[in-house]
Asks: 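The structure's right below; bear with me while I get my questions together.
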2 protein chains.
Amino acid sequence: MAGHRNVTIKDVAARAGVSITAVSHALNEKGTLSEETRARIREIATAMGYQADALARGLRRSQIGVIGIVLRPLDALANYSPPGVDYFLRFAGAAAVSALDHGLSLMQVADLVKGPVTPLAFSLDGYVVTDPVRDDPVVDLLESRSIPYVTLGRDPGKPEASNWVASDDAAATRTALDHLAEGGARSIAFVGGTDDNSWNADAESAYLQWCSEHGATPRHFRSPEGLGEAGGRDLVPQLLANGVPDAIYSLTGRHAAGIQEAMRERGYVAPEHYLLACGTDAAQTRTAEPPITAIDLRPEVLARETVELLARITRGQAPEGRRLVASELIVRRSSQRAE
Amino acid sequence: MAGHRNVTIKDVAARAGVSITAVSHALNEKGTLSEETRARIREIATAMGYQADALARGLRRSQIGVIGIVLRPLDALANYSPPGVDYFLRFAGAAAVSALDHGLSLMQVADLVKGPVTPLAFSLDGYVVTDPVRDDPVVDLLESRSIPYVTLGRDPGKPEASNWVASDDAAATRTALDHLAEGGARSIAFVGGTDDNSWNADAESAYLQWCSEHGATPRHFRSPEGLGEAGGRDLVPQLLANGVPDAIYSLTGRHAAGIQEAMRERGYVAPEHYLLACGTDAAQTRTAEPPITAIDLRPEVLARETVELLARITRGQAPEGRRLVASELIVRRSSQRAE
DNA sequence: GTCATTGCATAAAACGATTTGTGAAGCTAG
DNA sequence: CTAGCTTCACAAATCGTTTTATGCAATGAC
């Protein structure tokens, strides 16, 4: 059943009694062929089941219809799909679907900068890079190879860049804090990550701003993203150092889950003893006991916008970047003061 | 920052003062160059940051270092990542990692047979096809293009084929049924899917066999995979038609979840009123209330074996296929008779 | 001094498309 | 009849590799 060599442009040309140029022009609406000839060639081509070889075409056009995606924060983690990061999985899945709408397909590329990388990596049409950090080596690499890319979240080191899509983290943070304040919280502690990306930066500065506007004393903590739940747990003694805070706002889902556990072990349960909210929604926030109020960053919308921007750029169109996507607060039990 | 054309083999040749043939030979350990020349060329090449263009190389070698994966059962579903199918996600994730071990990377290809498909689809080195059904059009397509592939689960229409890896579903089914019987169940109902794939077929026939060996009357139901939880719910009246069964063994996680819900609504709770077990593990079986006993198909092991087999085949080595992977029963509350 | 033999390097032909430039007809205008 | 236009098709160059076949020195044997 093997040896069935695929039909090439040469085969079609032979059958149609024309040159390969004619075939190429007919199929790509180029050149100066007569409409009759075009039609005849098209007909024969489909009859023979001809499909242009993507590699050969790509070699000429330097476009192969595939974009890469680099999930930056996951590069750092040992496991590529730990629980609590389903924001990225949802984003990647949605990006793949969106890509199809533009006739592109999506290839996930693991860590572009270390180790042997996919041979195809540098032949892709463009990249989506999620949550780059300042002076991100992946971004630098793409720049040096002049491969187009769009980042999800601003690149903190490139304020002038416009090739990004991001969730409106400042607004989301204010919404969450307002919600907690409405629940009666006066002192709200903030827990962020340590990666130098725009998500952490924007949420943090929005928190500080909010505190100053509301005359609250900021209580502000950080824990490395990589530590996950353990990082959240370890923070609890500090969180309790000056008494139990009225509310805790944790950016990452894994920290939030760890905090909730460690708090419970000490006898503090949300929403009775404190309010809890999280900056991103995940399986963990949904299934926690009690379920944790969280911000839905709307990865599907973000993915659509990101891929659309990248697709335009690869098509050489003028990019209208810097797109902000509004998030949505999902109120759950952890922040609803009992009646 | 653009226009920074990548360094080609020609550039390296020019700098080294040799022919491009020499460069190619030096870098690929071919030809009859002297060891000194080889070394010198290698040095210059790395100094210049040369990396062979994957497309051009692929055009010659017809191997680009990328394999495709088709998640067959998901093609049928509207959404590509509905809850309860995380077996596939785990499998795909693990396959990607395994691929890297073989210097390959993995590209997920959505539905190869309908609609416009990735241009690159037919230039990939090979495919992993999960759970093909009888006369699967995807498999036929790959055959007709003589693209190598390995299936996860036997192709029911190709008993002579050896290019497959599968979980040992007959053994797993017996293990689960034995476990339920140990819990005191005499009548055990079986719920399978309707897809004509080997998973359904093997589990079903193992069930019938087990029943005849144990003198039990088989009570055996089917519901289309696509219906998900609703399909499970709708089956409950039939399941209860002849009284409450001692135990229910549902192959898919989504059916199991639906069954559990609809049973509870009628006042039947596992494990008090009946025992429940599921043929695959998923977020739903873990977080259900009570958590559902399930079979861990060990997607990571399956992925490793599958990719390894495919990698050998693409390298032209003699394939040793037909690999069976043992599953593992995870006992949870739904099947543990209270003391 | 000639003829093999060996050692080393290269020229040229693929791979399968796209694109640029050229030219052969057929037609019209003078 | 010829110059000038169109109209339509094709030859050949190109993309960046790999691979096959060829060739040139230098060495050794007689």
Side-chain angles (χ1 to χ4, degrees), chain A residues 3-42 44-45 48-66 119-125 145 316, chain B residues 3-42 44-45 48-65 119-125 145-146 316:
Chain A
H4 178 286
R5 229 184 80 276
N6 276 339
V7 32
T8 75
I9 196 173
K10 207 179 287 183
D11 302 330
V12 177
R15 179 81 84 86
V18 296
S19 69
I20 60 168
T21 307
V23 178
S24 175
H25 281 168
L27 267 40
N28 295 303
E29 301 291 350
K30 297 255 169 92
T32 58
L33 292 180
S34 72
E35 191 46 49
E36 308 165 61
T37 317
R38 288 203 136 82
R40 194 167 56 83
I41 293 177
R42 268 197 299 263
I44 293 180
M48 296 177 74
Y50 169 74
Q51 270 207 269
D53 181 273
L55 266 43
R57 167 176 282 169
L59 186 55
R60 273 300 311 214
R61 291 197 182 158
S62 53
Q63 295 240 339
I64 55 171
V66 180
L120 215 56
F122 301 120
S123 306
L124 299 185
D125 297 353
R145 298 230 166 211
Chain B
H4 179 285
R5 232 183 79 273
N6 276 338
V7 33
T8 75
I9 196 175
K10 207 180 290 183
D11 302 329
V12 177
R15 178 81 86 89
V18 296
S19 69
I20 60 169
T21 307
V23 178
S24 175
H25 282 169
L27 267 38
N28 296 303
E29 303 288 348
K30 299 256 169 89
T32 57
L33 292 179
S34 72
E35 191 45 49
E36 310 163 62
T37 318
R38 287 204 138 81
R40 196 166 54 85
I41 293 178
R42 268 197 298 264
I44 293 179
M48 296 177 72
Y50 170 75
Q51 268 206 268
D53 180 273
L55 266 41
R57 166 176 285 170
L59 186 55
R60 274 299 313 215
R61 290 197 181 159
S62 51
Q63 297 239 342
I64 55 171
L120 215 58
F122 301 121
S123 306
L124 299 185
D125 297 353
R145 298 233 168 207
S146 57

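Quick note on labels: first sequence line is chain A, next is B, and so on, each numbered from 1.
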Asks: Of all heavy-atom pairs between B/Pro119 and A/Ile64, which one has the smallest distance, and what is that distance?
Replies: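 Closest approach of B/Pro119 to A/Ile64: CG-O, 3.9 Å.
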Asks: Taking heavy atoms of chain A and a 4.0 Å limit, find me the 5'-most and 3'-most nucleotide of DNA chain D within that range.
Replies: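 Result: D/dC8 to D/dG16.
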Asks: Check salt bridge (Lys or Arg N to Asp or Glu O under 4.0 Å) between B/Arg61 and all other residues, then give those that pass, not counting sequence neighbours.
Replies: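 For B/Arg61 there are no salt bridge (Lys or Arg N to Asp or Glu O under 4.0 Å) partners, ignoring immediate neighbours.
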Asks: For the base of C/dA9, is there a side-chain donor-acceptor partner from B/Thr32 under 3.5 Å away?
Replies: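 Side chain to base: pair found, below 3.5 Å.
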Asks: Using whole Å, report how far CD of B/Glu35 lies from C1' of C/dA9.
Replies: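 Distance, rounded to whole Å: 15 Å.
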Asks: Heavy atoms only, 4.0 Å cut-off, all strands: where does B/Ser62 land among base, sugar-phosphate and nothing?
Replies: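 Since no nucleic acid heavy atom lies under 4.0 Å of B/Ser62, the category is nothing.
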Asks: Among residues at least two apart in sequence or on other chains, which ones pass side chain to side chain donor-acceptor pair (under 3.5 Å) with A/Arg42?
Replies: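 Once residues adjacent in sequence are excluded, the partners of A/Arg42 under the side chain to side chain donor-acceptor pair (under 3.5 Å) criterion are A/Glu29, A/Glu35.
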Asks: Do A/Ile9 and A/Ser24 have side chains that approach each other closer than 4.5 Å (heavy atoms only, starting at C-beta)?
Replies: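 A side-chain contact under 4.5 Å exists here.
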Asks: Who pairs with B/Glu36 by salt bridge (Lys or Arg N to Asp or Glu O under 4.0 Å), at least two apart in sequence or on another chain?
Replies: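 Here no residue qualifies.
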Asks: Can you tell if the side chain of B/Tyr50 reaches within under 4.5 Å of the side chain of B/Asp11, non-hydrogen atoms only?
Replies: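 B/Tyr50 does not reach B/Asp11 side chain to side chain.
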Asks: Enter the inter-axis angle for the ends of the helix from C/dG1-D/dC30 to C/dG30-D/dC1 (five pairs per end, rounded to 10°).
Replies: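 Terminal axis comparison yields 80°.
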Asks: With B/Leu59, which residues qualify under side-chain contact (heavy atoms from CB on, under 4.5 Å), at least two apart?
Replies: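 Residues passing side-chain contact (heavy atoms from CB on, under 4.5 Å) with B/Leu59: A/Asp53, A/Ala56, A/Leu59.
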Asks: Is A/Ser34 touching bases, backbone alone, or none of the nucleic acid, heavy atoms closer than 4.0 Å?
Replies: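 Sugar-phosphate, no base atom in range.
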Asks: For A/Ala22, give me all partners under side-chain contact (heavy atoms from CB on, under 4.5 Å), at least two apart in sequence or on another chain.
Replies: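 side-chain contact (heavy atoms from CB on, under 4.5 Å) check on A/Ala22 returns A/Val18, A/Ser19, A/Leu33, A/Ile41.
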Asks: With sequence neighbours left out, what residues match B/Thr37 under side chain to side chain donor-acceptor pair (under 3.5 Å)?
Replies: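 Side chain to side chain donor-acceptor pair (under 3.5 Å) list for B/Thr37, sorted by chain: B/Ser34.
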Asks: Scan nucleotides 16-20 of chain C against the protein and return all N/O pairs shorter than 3.5 Å with their distances rounded to 0.1 Å.
Replies:
{"residue": "C/dG16", "atom": "N2", "partner": "A/Ala56", "partner atom": "O", "Å": "3.3"}
{"residue": "C/dA17", "atom": "OP1", "partner": "A/Tyr50", "partner atom": "OH", "Å": "3.1"}
{"residue": "C/dA17", "atom": "OP1", "partner": "A/Asp53", "partner atom": "N", "Å": "2.8"}
{"residue": "C/dA17", "atom": "OP2", "partner": "A/Ile9", "partner atom": "N", "Å": "2.5"}
{"residue": "C/dA17", "atom": "O5'", "partner": "A/Tyr50", "partner atom": "OH", "Å": "3.3"}
{"residue": "C/dT18", "atom": "OP1", "partner": "A/Asn28", "partner atom": "ND2", "Å": "3.2"}
{"residue": "C/dT18", "atom": "OP1", "partner": "A/Arg57", "partner atom": "NE", "Å": "3.1"}
{"residue": "C/dT18", "atom": "OP1", "partner": "A/Arg57", "partner atom": "NH2", "Å": "2.9"}
{"residue": "C/dT18", "atom": "OP2", "partner": "A/Ser24", "partner atom": "OG", "Å": "2.8"}
{"residue": "C/dT18", "atom": "OP2", "partner": "A/Asn28", "partner atom": "ND2", "Å": "3.3"}
{"residue": "C/dT18", "atom": "O2", "partner": "A/Arg60", "partner atom": "NH1", "Å": "3.2"}
{"residue": "C/dT19", "atom": "OP2", "partner": "A/Lys30", "partner atom": "NZ", "Å": "2.8"}
{"residue": "C/dT19", "atom": "O4'", "partner": "A/Arg60", "partner atom": "NH2", "Å": "3.4"}
{"residue": "C/dT19", "atom": "O4", "partner": "A/Thr21", "partner atom": "OG1", "Å": "3.4"}

Asks: Of all residues at least two apart in sequence or in a different chain, which pass the side-chain contact (heavy atoms from CB on, under 4.5 Å) check with B/Ile44?
Replies: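 Scan of B/Ile44 (side-chain contact (heavy atoms from CB on, under 4.5 Å), adjacent residues dropped) gives B/Val12, B/Arg15, B/Ala16, B/Arg40, B/Met48.
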